[in-house]
Every structure is written in C-alpha cells, then in structure tokens.
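Have a look at this one before I ask anything.
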Amino acid sequence: MEVSVDTIREFDDNKLIELIQCDDEDFEPIRIEADKVRRANYGTDVFLRGLIEFTNYCRNDCYYCGIRCSNKNANRYRLSKEEMLNACKEGYKLGYRTFVLQGGEDLFYTDDKICDIVSSIRSGYEDCAITLSIGERSYSSYKAYYEAGANRFLLRHETADEKHYSMLHPDAMSLNNRKECLFNLKNIGYQVGSGFMVGSPYQTIHNIVSDLRFLQELEPDMIGIGPYITHRDTPFNRFDNGSVKLTLRLISILRLLFPYALIPSTTALGTLSPTGREDGLKAGANVVMPNLTPVKYREKYEIYENKICTGEEAAECRGCLERRIERAGYKAVTSRGDVKK
Ligand code: SAM
Ligand code: FES
C-alpha cells in the first residue's frame, strides 16, 4: 500500500482499517515513512516533560481506572504547593523545561489553589511551559488557569464513539462534555493534547477509526495514546491488556496524519514491553514524560497495574531515559518543545 502524508489524508474508513490490520511486513515501510516524517519535522529531538502526579483523589468513577473514586483500596495522597515547587526545582536542574501537573479530578484544588500554584511556577520558571492535566472544568476555570500562566492542557477524549464511551464511564460523564472541554481549551489559546487508550474493553476497529476522525476534526497539538492496562480493583479486572503492536502501528499512523504533532512514547507502552518506549520513538513518537513525583507517592498513582518507574529518583529516571532515547537513535533535548505548526 502506498502511504504518505499526502495520500493517507484521503483514505476512507475501509482503507484506514486495511492499513491498521495489514501484515507485519507490509507495515514496516509505513513505520519507516513515519520516522522520516518525524525527522523532517523535528529531527532526532525527543522532548522531556517532567510529570508531577500531584493527587490521586478523583471524583470520577471511570470503569478502567485504578484511582476511580469507588476504589476503596486506593491509598490517597495530595501534594502540597511546596512539594510541587520542589519537584519543579529538581526538574529544572535536570533540564526539564515543561512541567506537567497531572491528577485525578480533585476539587480540593479549587480554581484559586490551581491559579496560585500555576502562577508561582510561572514566576519561578519563566522559560518553562506549564501543562495541566486535571480533567473537565468550566470554560471560566480553564481561562483563569491560562491567565495564571498555564500554556498547555492534556485531556484524552478516551473514545470518540458515544456508545463505547458509555460502556467505559458512568452515566454522569459524557463524551459531549469532554469534547466541549477540548474545544474550549483550544479556543482559550492552550496547546491542546488529546488521545485515547488502545485496546480498552469493548473497543472495535471502527471505534479506532472514529478516534482518528475526531482527532482530524480537533487538530490537537499533542496526541497521547497508550495501551489499556487492566487494574485488579476495577469492574474491568477480567479484561486483557491492550496490544503493544497495535499501539505502535497507531503511533506511526498518527505521525503521518499529524506530521507536526507532539506524540509521547508513553509509560503504559514501557509497562507492557521492556523496549516499549524505544519502539514508540522508532514508530514516530517524539516526547517522553519522566516522572518527577516524589518517590514516596509514586506507587499510589496506580491508574493501572505494574506501572514502571515508581522506585527511581528523578535523576535516575533522567539518566535511564536518556540512555534509552540514545539507544533508539534519537537525542533527548532540554528545549521547551513547543508544537511546530
Ligand atoms: N483526570 C485527568 C483526566 O481525566 O484527563 C488526568 C488523569 S487520568 C488518570 C490520565 C489518563 O490515564 C486518562 O486519560 C486515561 O487515558 C489513562 N488511563 C486511565 N486508566 C488507564 C488504564 N487502566 N490503562 C491505561 N491508561 C489508563
Ligand atoms: Fe524512569 Fe527508566 S524512565 S527509571
């Protein structure tokens, strides 16, 4: 199959399905093309994002997630503002110029608290990007965080199919609201990231095509995908994990559909395969997100089982990732890594 940045945009749904499901030897040239496109846009640069998982409290009850509110076995924690600022300080020393504040939907962190934290980071680190990943909030809240100094926001749509969405989430959550949040964020001026889980329970190949179509409509700056990984304390604990191979294929397809995108090689990929993150980079990803959360909290942010990198200090993580990136043939860089659109 002849696949390039120009041809893939014209593919109808059947052709996309054929591409996703083709034989391994037919897919290898596509991976190589994706790598070429990534090199043409970003060279061998791999951007580092220091990830601070600042709370595992969550008001939501997503059926797939280990920190869902009804998991009574989750050992809950929250970071203080000082702990977050210390994590940024450590990250800055390690060369990180993006801080990602991620957490469950925890309303303990009111708008005022988030704005206070964001503006303190902003005034200490003017040259850094601040990314939030704190779920669904109102337009006015998002605007306040932006005005306090946040630049980017990660909010995966999870699945773009209404019916599938309702199989993964309780009735209180809606795909429409999530989509509206994404368009609001874009409208306010954030660099926006979205994405989905690969192999989540009940996902069909048609759902995946809907995900790609939704991303084409949204045109996000960042696209995060990772395999679904099961967690013992969720209603989905009997489901299999998602496929690493399919995730890697979709990274290549995303790179061809969105040549400019910032695409992370996710921790979930590294959790299911020892070379998962290296393979993600070779498939077209150009971002990694080393963990900056204080080690004593790491294991508690257990969204899925056997999550890697929970025991390493930030500096060890930095060294380990740099070696992995180099082994894969790329270079870890310390620039902010804004989108090149
Ligand atoms: N609360 C924020 C939100 O909703 O965007 C951010 C935190 S949430 C835990 C971050 C991401 O983890 C979700 O967007 C979801 O795709 C992913 N995730 C949750 N449970 C997962 C699982 N069991 N396997 C793989 N990824 C999972
Ligand atoms: Fe964290 Fe390897 S990336 S220890």
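When a ligand or atom number is given, it counts from 1 through the structure's own listing order.
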Could you check whether Phe236 and His231 have their ring centres less than 6.0 Å apart?
no

Step by step, work out the side-chain contact (heavy atoms from CB on, under 4.5 Å) result for Arg152 and Tyr146.
CA-CA 8 Å; Arg152 304 180 186 149; Tyr146 187 77; over 6 Å; no

Between Arg178 and ligand 1, which part of the residue brings a heavy atom under 4.0 Å of the ligand: side chain, backbone, both or neither?
side chain

His164 and Tyr202 aromatic centres sub-6.0 Å
no

For ligand 1, which atoms sit closer than 4.0 Å to a heavy atom of Tyr228?
23 (N), 24 (N), 25 (C)

I'd like to check atom 11 (C) of ligand 1 in this structure: does the protein have a heavy atom lying under 4.0 Å from it?
no

Against heavy atoms of Met197, which atoms of ligand 1 measure under 4.0 Å?
16 (O), 21 (C), 25 (C), 26 (N), 27 (C)

Give the residue and atom name of whichever protein heavy atom lies nearest to atom 24 (N) of ligand 1, and the separation in Å to one decimal.
Ile229 N, 3.0 Å

Which of the ligand 1 atoms, numbered from 1, are nearer than 4.0 Å to a heavy atom of Tyr301:
7 (C), 9 (C)

heavy-atom search around atom 25 (C) of ligand 1 in the protein gives Pro227 O, 3.5 Å

To which protein heavy atom is atom 20 (N) of ligand 1 closest, and what is the distance rounded to 0.1 Å?
Tyr64 CD1, 3.4 Å

Starting from atom 9 (C) of ligand 1, find the nearest protein heavy-atom neighbour and note its residue, name and distance.
Ile303 CG2, 3.4 Å

Under the ring-ring contact (aromatic ring centres under 6.0 Å, His included) rule, what do Tyr92 and Tyr125 come out as? Steps first, then yes or no, please.
CA-CA 8 Å; Tyr92 195 86; Tyr125 305 95; 5.3 Å; yes

Report the C-alpha separation of Asn286 and Tyr330 in whole Å, then their side-chain angles, then the decisive distance to 0.1 Å, and conclude whether the side-chain contact (heavy atoms from CB on, under 4.5 Å) test is met.
CA-CA 9 Å; Asn286 60 342; Tyr330 305 93; over 6 Å; no

Closest approach of any protein heavy atom to atom 17 (C) of ligand 1, naming residue and atom:
Arg156 NH1, 3.9 Å

Below a 4.0 angstrom heavy-atom separation, can you tell me which part of Cys58, side chain or backbone, both or neither, approaches ligand 1?
neither

Phe54 and Tyr109 aromatic centres sub-6.0 Å:
yes

What residue and atom, counting heavy atoms only, is the protein's closest point to atom 13 (C) of ligand 1, and at what distance?
Glu158 OE2, 3.2 Å

For atom 2 (C) of ligand 1, what's the nearest protein heavy-atom neighbour? Residue, atom name and distance, please.
Gly103 O, 3.4 Å

For the residue pair Lys307 and Tyr301, would you count it as a cation-pi contact if the rule is NZ or CZ under 6.0 angstrom from the ring centre and within 45 degrees of the ring axis?
no

Between Arg59 and Asp106, does any side-chain N to carboxylate O distance fall below 4.0 Å?
no

Check Asp127 with Arg97, please: is the shortest side-chain N to carboxylate O separation under 4.0 Å?
yes

Between Ala268 and ligand 1, which part of the residue brings a heavy atom under 4.0 Å of the ligand: side chain, backbone, both or neither?
neither

